[in-house]
K.L.:
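I am attaching a structure below and will ask some questions about it afterwards.
Not measured: the values here are computed from a predicted model.
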Amino acid sequence: AGVGRGRVARPPAAAAAGSAAAMNRAPIREGEYTKTVYSHIREQKYDQAVKILGNELNNFPTSRCALSLLGNLRRPGALMWRGSAPEGYCYYHMQDFMNAAQIYAQLVQACPDNDEYKVYHIQTLLKSGNYEEASQVCTTVENSEYTERVMLLQAAIAYEQDEVQLARSILDQCNPLAEEKQVFEGALFWKEKRHAEAMKMFNDVMQSMGYHADLAYNIALCNYSMKQYGPALKHIAEIIERGVRDHPELSVGALSEGNGGLAARSVGNTGVLKETALIEAFNLKAAIEYMMKNLEASKDALDDMPPRDESELDEVTLHNQALVEMEAKPTEGFRKLNFLLGQHPSPPETFVNLLLLYCKYSYFDLAADILAENSELTYKNMNPQDYEFLDALILAQSSPEEAYRRFDELTAKHIESLRRGTKNIQDARRNRDQNLVKKHLDEFDEALSKYMPVLMGQAKIYWDMEHYSMVEKIFRQSAEFCSEDESWKLNVAHIFFMQEKFKECIRYYEPFVRKHNDNLLGVTAIILANLCVAYVMTSANEEAEELMRLVEKEEEKVADPTKPIYHLCIINLVIGTLYCTKGNFEFGISRIMKSLEPYERKIGVDTWYYAKRCFLALGETLGKNMILLKDEAFDDIINFLDAASQVGRTIETTVNPVENADPNSQKRTVALEARLLKRFFLKMRD
């Protein structure tokens with residue numbers, strides 16, 4: 001029941017570099033190859049051992065000695081690693097299961113009667129995700145000494161393929177150690193979402209065997225699955241504390257502490273790192289913080305991991321990095337998720353998250369391609385309602401009428417579920433069963449969280465058509481169940497704002513902003529901007545000014561002066577845009593220019609986009625001779641554009657996080673556009 005297990009995909013460049021290093025290594029004296037190899041293995045310098053053995057295999061490809069070098073190696077843990085190939089052993093401990101599987105395949109071919117090698121081959125195939133081949137090799141093991149071990153491996157293969165009943169039936173035929181069987185039973189319970197029973201199993205094993213990091217992690221995972229984040233974080237903290245205390249050489253926190261701009265040295269995927277369960281613990285901590293919407297804390301958890309090179313990262317870490325960094329580095333995020341999707345196996349969340357992120361960034365064509373190319377994952381990793389939702393969301397781009405109909409069908413299913421949940425809560429309250437009330441409330445909240453995206457998707461069809469009265473109607477129909485939901489209230493406020501029903505939108509915006517008065521920078525900037533505009537439009541200028549003063553004070557308190565904060569800038573941009581739309585360009589443009597001060601911190605891709613729209617609208621109005629501007633206003637605009645061209649030399653005006661830009665094409669920057677605007681306004685002034 002572990003997160004973070006699996007193979008590490010090593011690009012060809014890594015293998016080539018290893019070969020080159022092997023050729024340049026210091027010569028080994030005659031007769032000391034075995035001693036040197038085993039010394040490296042004893043000291044867990046597996047990469048050094050692999051370089052030596054790899055060089056020998058290059059010289060003697062069919063040498064069994066180079067492959068095997070039989071000895072008395074032992075791998076700590078439940079699985080046997082007696083007398084195995086040191087190179088395969090090293091690859092295994094480096095988490096390079098694909099290369100380990102290739103080594104054991106060669107050994108099996110060289111020694112077809114040695115069932116011990118076949119067992120190792122099965123295990124490496126299992127770890128690398130080649131379940132079908134692993135199952136086939138299981139049938140070739142004939143030695144009765146390995147029957148028990150092979151059956152356990154068959155059960156593990158069935159478990160990894162989500163065939164829980166088959167795994168349980170195989171396990172029932174085995175007689176492993178009591179603790180080993182309990183751990184496997186706990187994993188099966190977890191897979192069946194019987195998390196409380198799984199946690200009891202792991203706790204029982206912990207009491208009988210003493211503390212083990214992997215067991216503590218499994219208990220934390222059960223807590224996480226039951227949304228008991230407090231106990232989960234407690235177990236994670238203990239895992240991390242023990243790992244730091246017992247193994248300072250793993251350099252926990254080295255990445256987050258910084259090294260004067262230098263990258264921390266990789267600790268590799270050693271056996272010690274695996275035994276501490278630190279990677280799994282940090283990933284789980286990042287997941288919990290992410291679920292609690294603490295994105296900075298989530299990123300910190302990933303940064304605190306023992307440092308490893310990107311080629312050494314496991315699939316779960318790579319997936320979590322992509323999610324956490326998506327806002328700041330969308331190109332990197334999409335690259336990592338697409339890479340993971342091409343790996344087998346990949347974390348089951350990869351497919352769904354990549355689809356959702358494509359839809360979030362409006363790359364609906366790419367989302368449709370992913371769905372079409374991975375139809376088998378649609379049935380394996382998505383429940384039918386999620387698929388129907390994404391299918392309707394993608395369809396809305398080409399056939400909004402049909403998409404609306406599908407959303408309507410989905411809405412009917414969700415409303416039925418919500419009504420059933422409401423009745424269950426009422427019945428439990430009538431019976432005064434507090435535990436049952438809590439259970440049904442949690443179920444209702446979960447059902448509501450699944451319904452909200454469907455509601456938003458359906459409403460977005462009319463929102464894109466700017467048919468706001470119809471959007472309002474859709475939201476009113478959902479008020480019976482959603483009226484207390486915060487995101488529902490904010491979207492209702494947006495709808496009223498777009499219809500210029502400013503008093504109504506204030507009624508929804510104001511309580512939300514007051515609730516977050518102690519952390520206004522935690523509120524989305526557009527909410528504050530819309531509220532200020534609504535105040536201005538209802539002649540409540542004092543309230544607007546007070547809110548802006550509060551935001552300004554919050555921005556002044558930010559500890560990191562190099563980190564740009566755009567809240568006040570966006571508020572002023574929106575107010576300036578409002579005045580421009582009402583025809584008061586002189587005041588509106590001056591407000592926009594003021595909002596971008598200091599220019600080096602405030603001018604960015606998004607802020608420039610909204611600012612230049614107002615300049616273009618002013619230019620169009622001037623071109624039609626509909627207004628006249630004072631010379632002072634022209635001078636202010638030209639001075640601003642001069643400043644923008646200075647600070648905007650490296651700021652591109654378009655960002656595509658998915659496609660790589662043509663290196664030969666000229667980049668369109670803020671500086672280029674500012675100079676074009678300046679030329680236009682100079683012509684208009686003259």
Side-chain angles (χ1 to χ4, degrees), residues 1-6 8 44 75-78 93 95 179-180 182-184 186-187 189-190 195-196 198-257 264 266-292 294 296-308 312-321 323-324 347:
V3 173
R5 298 181 304 172
V8 177
Q44 297 187 2
R75 175 183 181 270
H93 277 271
Q95 308 283 298
E179 291 84 1
E180 188 174 7
Q182 275 184 295
V183 170
F184 210 134
F189 281 138
W190 182 84
H195 303 124
M199 187 161 63
K200 184 179 183 305
M201 281 284 185
F202 296 135
N203 274 315
D204 290 345
V205 176
M206 182 93 85
Q207 288 177 4
S208 61
M209 291 179 61
Y211 185 88
H212 283 264
D214 53 351
L215 286 174
Y217 166 75
N218 285 350
I219 294 168
L221 184 62
C222 292
N223 285 130
Y224 169 78
S225 300
M226 293 188 288
K227 298 185 178 179
Q228 298 173 354
Y229 298 142
L233 288 170
K234 182 180 176 183
H235 286 291
I236 290 168
E238 186 174 5
I239 293 170
I240 295 170
E241 184 183 340
R242 285 174 178 261
V244 171
R245 185 180 66 235
D246 298 341
H247 299 283
E249 73 277 8
L250 293 178
S251 304
V252 171
L255 285 177
S256 59
E257 290 168 7
S266 167
V267 300
N269 286 306
T270 62
V272 170
L273 180 61
K274 187 67 181 171
E275 288 167 19
T276 60
L278 281 170
I279 299 301
E280 291 86 347
F282 278 117
N283 269 316
L284 189 55
K285 183 179 181 183
I288 291 171
E289 298 292 358
Y290 189 86
M291 293 298 290
M292 296 169 69
N294 299 327
E296 281 299 318
S298 182
K299 186 178 182 301
D300 289 343
L302 295 176
D303 288 343
D304 285 339
M305 281 185 181
R308 293 175 294 166
E312 297 171 328
L313 297 179
D314 58 278
E315 288 92 336
V316 175
T317 301
L318 207 60
H319 171 272
N320 290 346
Q321 282 183 351
L323 281 191
V324 169

K.L.:
Testing the basics here: between Ala198 and Cys222, what is the closest heavy-atom pair and its distance to 0.1 Å?
P.N.:
CB-SG, 3.8 Å
K.L.:
For Tyr217 versus Ala277, what's the shortest heavy-atom pair and its separation?
P.N.:
CB-CB, 4.5 Å
K.L.:
Shortest non-hydrogen contact from Ile236 to Ala281?
P.N.:
CG2-O, 3.6 Å
K.L.:
Are any of the side-chain heavy atoms of Phe282 and Thr317 separated by less than 4.5 Å?
P.N.:
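A side-chain contact is absent here, since even the closest heavy-atom pair is not under 4.5 Å.
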K.L.:
Please identify each residue that fulfils side-chain contact (heavy atoms from CB on, under 4.5 Å) with Ala237, with sequence neighbours left out.
P.N.:
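Checked Ala237 against side-chain contact (heavy atoms from CB on, under 4.5 Å); zero matches.
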K.L.:
How would you list, by chain and number, every residue that makes a side chain to side chain donor-acceptor pair (under 3.5 Å) with Lys234, sequence neighbours excluded?
P.N.:
none
K.L.:
Under the side chain to side chain donor-acceptor pair (under 3.5 Å) test, which residues partner Asn203, sequence neighbours left out?
P.N.:
none
K.L.:
Starting at OH of Tyr229, measure out to CE of Met292 and round the result to the nearest 0.5 Å.
P.N.:
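Reported to 0.5 Å precision, the distance equals 8.0 Å.
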K.L.:
Check whether any side-chain heavy atom of Met199 sits under 4.5 Å from a side-chain heavy atom of Met226, and report yes or no.
P.N.:
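Sidechains of Met226 and Met199: in contact.
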K.L.:
Listed by chain and number, what are the side-chain contact (heavy atoms from CB on, under 4.5 Å) partners of Met209, not counting sequence neighbours?
P.N.:
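Result, side-chain contact (heavy atoms from CB on, under 4.5 Å) vs Met209: Glu179, Val205, His212.
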K.L.:
Atom CD of Glu296 and atom CG of Asp303: how far apart are they, to the nearest 0.5 Å?
P.N.:
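Atom-to-atom, Glu296:CD and Asp303:CG are 9.5 Å apart.
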K.L.:
For the atom pair CG (Leu313) and CE (Met305), what is the distance rounded to the nearest 0.5 Å?
P.N.:
8.0 Å
K.L.:
Might you point out which heavy atoms bring Ser266 and Gly268 nearest each other, and give the distance in Å?
P.N.:
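Answer, listing the atom of Ser266 first, then Gly268: OG-N, 3.0 Å.
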K.L.:
Could you go through Glu280 and Lys274, starting from their C-alpha distance and side-chain angles, then the distance that decides it, and tell me whether this counts as side-chain contact (heavy atoms from CB on, under 4.5 Å)?
P.N.:
CA-CA 9 Å; Glu280 291 86 347; Lys274 187 67 181 171; 3.0 Å; yes
K.L.:
Between the side chain of Asn269 and the main-chain N/O of Glu312, is any donor-acceptor distance below 3.5 Å?
P.N.:
yes
K.L.:
Can you sort out the partners of Lys227 under salt bridge (Lys or Arg N to Asp or Glu O under 4.0 Å), two or more places apart, ordered by chain and number?
P.N.:
none
K.L.:
As an exercise, state the distance from CZ of Phe189 to NE2 of His195, rounded to the nearest 0.5 Å.
P.N.:
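So the gap between those two atoms works out to 12.0 Å.
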K.L.:
Just to verify, what does Asp214 make a salt bridge (Lys or Arg N to Asp or Glu O under 4.0 Å) with, not counting sequence neighbours?
P.N.:
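For Asp214 there are no salt bridge (Lys or Arg N to Asp or Glu O under 4.0 Å) partners, ignoring immediate neighbours.
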K.L.:
Which is it for Ile279 and Arg308 under the side-chain contact (heavy atoms from CB on, under 4.5 Å) test, yes or no, and what are the steps along the way?
P.N.:
CA-CA 10 Å; Ile279 299 301; Arg308 293 175 294 166; 3.5 Å; yes
K.L.:
So Asp304 and Ile240, side-chain contact (heavy atoms from CB on, under 4.5 Å) or not? Walk me through it.
P.N.:
CA-CA 10 Å; Asp304 285 339; Ile240 295 170; over 6 Å; no
K.L.:
Who pairs with Ser298 by side chain to side chain donor-acceptor pair (under 3.5 Å), at least two apart in sequence or on another chain?
P.N.:
none
K.L.:
Asp246: what forms a side-chain contact (heavy atoms from CB on, under 4.5 Å) with it, not counting sequence neighbours?
P.N.:
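Only Arg242 meet the side-chain contact (heavy atoms from CB on, under 4.5 Å) criterion with Asp246.
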K.L.:
Applying side-chain contact (heavy atoms from CB on, under 4.5 Å), can you list everything that pairs with Ala216, at least two apart in sequence or on another chain?
P.N.:
Met206, Tyr211, Ile239
K.L.:
In Å, rounded to the nearest 0.5 Å, how long is the span from CG of Leu273 to NE2 of His247?
P.N.:
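Answer for the CG-NE2 pair, Leu273 versus His247, is 9.5 Å.
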K.L.:
For Val183 and Phe202, work out which heavy atoms get closest and say how close.
P.N.:
O-CE2, 3.6 Å
K.L.:
Roughly how far, to the nearest 0.5 Å, is the CG atom of Leu323 from the NZ atom of Lys299?
P.N.:
14.0 Å
K.L.:
Give the intermediate values and the outcome of side-chain contact (heavy atoms from CB on, under 4.5 Å) for residues His319 and Asn283.
P.N.:
CA-CA 10 Å; His319 171 272; Asn283 269 316; over 6 Å; no
K.L.:
Which residues satisfy the salt bridge (Lys or Arg N to Asp or Glu O under 4.0 Å) test with Glu249, sequence neighbours excluded?
P.N.:
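Not a single residue meets the salt bridge (Lys or Arg N to Asp or Glu O under 4.0 Å) criterion with Glu249.
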